[in-house]
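Values in this document were obtained by computation on a predicted structure and should not be read as measured data.
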Amino acid sequence: GASLMNPALFRALWRAKHWRDRDVLSALRQVEANEWLSADELAAMSWEKQQRLVAHAYANSPYYRKKYDASGIQPNDLKHPEDFSRLPVLTKEEVRNNLDGMVAQGLPASRIVPRFTGGSTGVPTKVYHDTAADNTIWAIYMRTVGRWGIRLGDKTAHIWGLGPLNQEYLYDRQSWWHRALKNYVLLDAFEMSQAKMEGFARLLRRFRPQLLIGYTSAVTAFADYLEDSGGAGFQPHAIWLTAEITLDFQKERVERVFGAPVYDQYGSVEAHYYAAQCERREGLHIEADIRTVEVVDEAGSPLPPGETGQIVMTDLLNYAAPLIRYRNEDIGSLIARPCSCGRGLPLMDKVTGRISDMFTLNDGSKVHGERFTHFFKYKLTDVETFQVHQTAIDKAVVRVVPTESCDRDTF
């Protein structure tokens, strides 16, 4: 409501706070300029960053040196952009088994931050992020939502899973003052009973977010609830469905109930922000200035646009524990044509593999599939892979392949 900070005031205060911190502002200016470069200019930028990252990994990361030596390829062998795809693919299993050897030697410990993936494919993984990339990652977020007409300081509501990093933002733990300062609320996607969703609706009708972000199936479940209880009562400017595949019926229902366009964005915990739609929604623009996204066959060789294959991603920013040609076990395809918006960033189609769904309980309440991936991701030393299969309204079968080091008595 009116008690929240005016977005223009928010922006003015934010700029005043950061006027000496030129890195944040210059990162934003840089990435906003990058997306309007030509496709050729962006390809040249990517190639330069790929070469630099591979040379760094070979020189400083024991695992990459061993891996590339074994495959008979050295950084000096990368003479042309197409040579990049000669590098061997990195699998999730390799990351799980060799992460410490992937860490670049000689970097300060403050640059190396652990992150845990839930493992939507059933295989939880730990990676390290490079804090030197933080400003650029934040700028990419602003670039993404900026395409949808969202500006810094616009009110944002997030329907998301709770973890140690975000619990203090939960709406019923947030003070009025905190909410007013941040223009942000977090709603727990892991507990979506009728009573909880009624509380969400009351809050959001007062808060009136311009941007609504959430797990696809959680936002769809909330839309179903709202439709059954007389409509949304608020209208965001944009809706961002993420963390799983959005099916056409879900997109149509969410757009109908909220009266706002749904935008598709693709990323992962291993490396946020691979690609996102712009206002034209003709495909997802690959964030080619910070990521390389390839679609490959079983042997790791690139497939032409239009052909569906395995996604292989390179994080061009992570010098702490590089992810070079990392196969994340998602399925997708590239798009050859440019977008009519005029941005030079290449296009990919929406990802067609990786589905977390909602589990429906006896009382009609919903449990998001990510709840299980969150549970297992903190059990990395015990769990090789897992599957949760709801076989009836009151029954789910959990299958776990334990690691060799798993203590089965205490698990």
Side-chain angles (χ1 to χ4, degrees), residues 30-50 80-86 89 139-150 216 238-242 244-252 255 261-268 271-316 325-328 330-354:
Q30 184 66 62
V31 301
E32 285 178 340
N34 287 352
E35 69 176 342
W36 297 104
L37 294 172
S38 71
D40 287 348
E41 287 170 316
L42 279 158
M45 179 190 285
S46 296
W47 171 229
E48 189 191 324
K49 289 184 176 182
Q50 287 165 355
H80 304 285
E82 49 274 19
D83 293 338
F84 183 69
S85 62
R86 290 171 51 203
V89 162
I140 294 287
Y141 166 80
M142 289 311 308
R143 179 171 82 179
T144 300
V145 298
R147 295 168 185 159
W148 311 335
I150 302 296
T216 297
I239 299 170
W240 174 355
L241 300 182
T242 186
E244 62 199 85
I245 287 143
T246 301
L247 303 171
D248 289 342
F249 84 89
Q250 294 171 311
K251 177 174 179 275
E252 285 158 18
E255 289 190 335
V262 162
Y263 294 95
D264 202 0
Q265 185 273 341
Y266 173 48
S268 71
H272 311 309
Y273 308 116
Y274 293 21
Q277 286 180 323
C278 70
E279 64 283 358
R280 302 285 173 94
R281 297 194 288 179
E282 295 170 11
L284 285 78
H285 285 282
I286 295 167
E287 316 295 6
D289 48 343
I290 64 159
R291 307 278 182 256
T292 298
V293 175
E294 302 169 77
V295 174
V296 305
D297 60 18
E298 290 290 332
S301 301
L303 291 168
E307 285 198 33
T308 300
Q310 301 183 13
I311 290 174
V312 163
M313 183 280 310
T314 301
D315 179 348
L316 299 173
R325 302 203 77 222
Y326 171 68
R327 182 164 49 210
N328 66 5
D330 288 342
I331 304 293
S333 62
L334 302 176
I335 296 174
R337 58 175 168 71
C339 183
S340 66
C341 70
R343 291 175 178 88
L345 296 168
L347 294 177
M348 66 181 289
D349 219 334
K350 66 180 182 186
V351 174
T352 52
R354 182 168 70 148

**Student:** Taking NZ, NE, NH1 and NH2 as the nitrogens, is one of them in E287 or R147 under 4.0 Å from a carboxylate oxygen of the other?
**Tutor:**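 Result for this pair is yes, salt bridge flagged.
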**Student:** Could you tell me the separation between the CG atom of L284 and the CG atom of D264, rounded to the nearest 0.5 Å?
**Tutor:** 4.5 Å
**Student:** How far apart are the closest heavy atoms of Q265 and Y274, and which atoms are they?
**Tutor:**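 The answer is NE2-N, 4.4 Å.
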**Student:** Please name the pair of heavy atoms, one in C341 and one in R280, separated by the smallest distance, quoted to 0.1 Å.
**Tutor:** N-NH1, 3.7 Å
**Student:** Is there a side chain to side chain contact (heavy atoms under 4.5 Å, CB included) between V295 and M348? Walk through the geometry before answering.
**Tutor:** CA-CA 9 Å; V295 174; M348 66 181 289; 5.8 Å; no
**Student:** Looking at E282 and I335, what are the two nearest heavy atoms and their distance?
**Tutor:** O-CD1, 4.0 Å
**Student:** Give the minimum heavy-atom separation between G300 and R325, together with the two atoms involved.
**Tutor:**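 Heavy atoms only, the tightest pair is O-NH2, 2.8 Å.
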**Student:** Main chain of A288, side chain of S46: is a donor-acceptor contact present, judged purely on distance under 3.5 Å?
**Tutor:**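 Yes.
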**Student:** Locate the shortest heavy-atom distance separating E35 from R343; write the atom from each residue and the value.
**Tutor:**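 Taking every non-hydrogen atom into account, OE1-NE, 2.9 Å.
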**Student:** Tell me if the CD atom of E82 is crowded by more than 12 foreign heavy atoms within 6.0 Å.
**Tutor:**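 Yes, enclosed.
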**Student:** Out of curiosity, S85 OG to L303 CG, how far, rounded to the nearest 0.5 Å?
**Tutor:**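 So the OG of S85 and the CG of L303 are separated by 11.0 Å.
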**Student:** Whether the side chain of R291 engages the backbone of Y273 through a donor-acceptor N/O pair (distance < 3.5 Å, no angle test) should be reported.
**Tutor:**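 Yes, the answer is positive, given that a donor and an acceptor are paired below the 3.5 Å cut-off.
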**Student:** If you look at every heavy atom in W47 and P81, which pair is closest and at what distance?
**Tutor:** CE3-CA, 3.6 Å
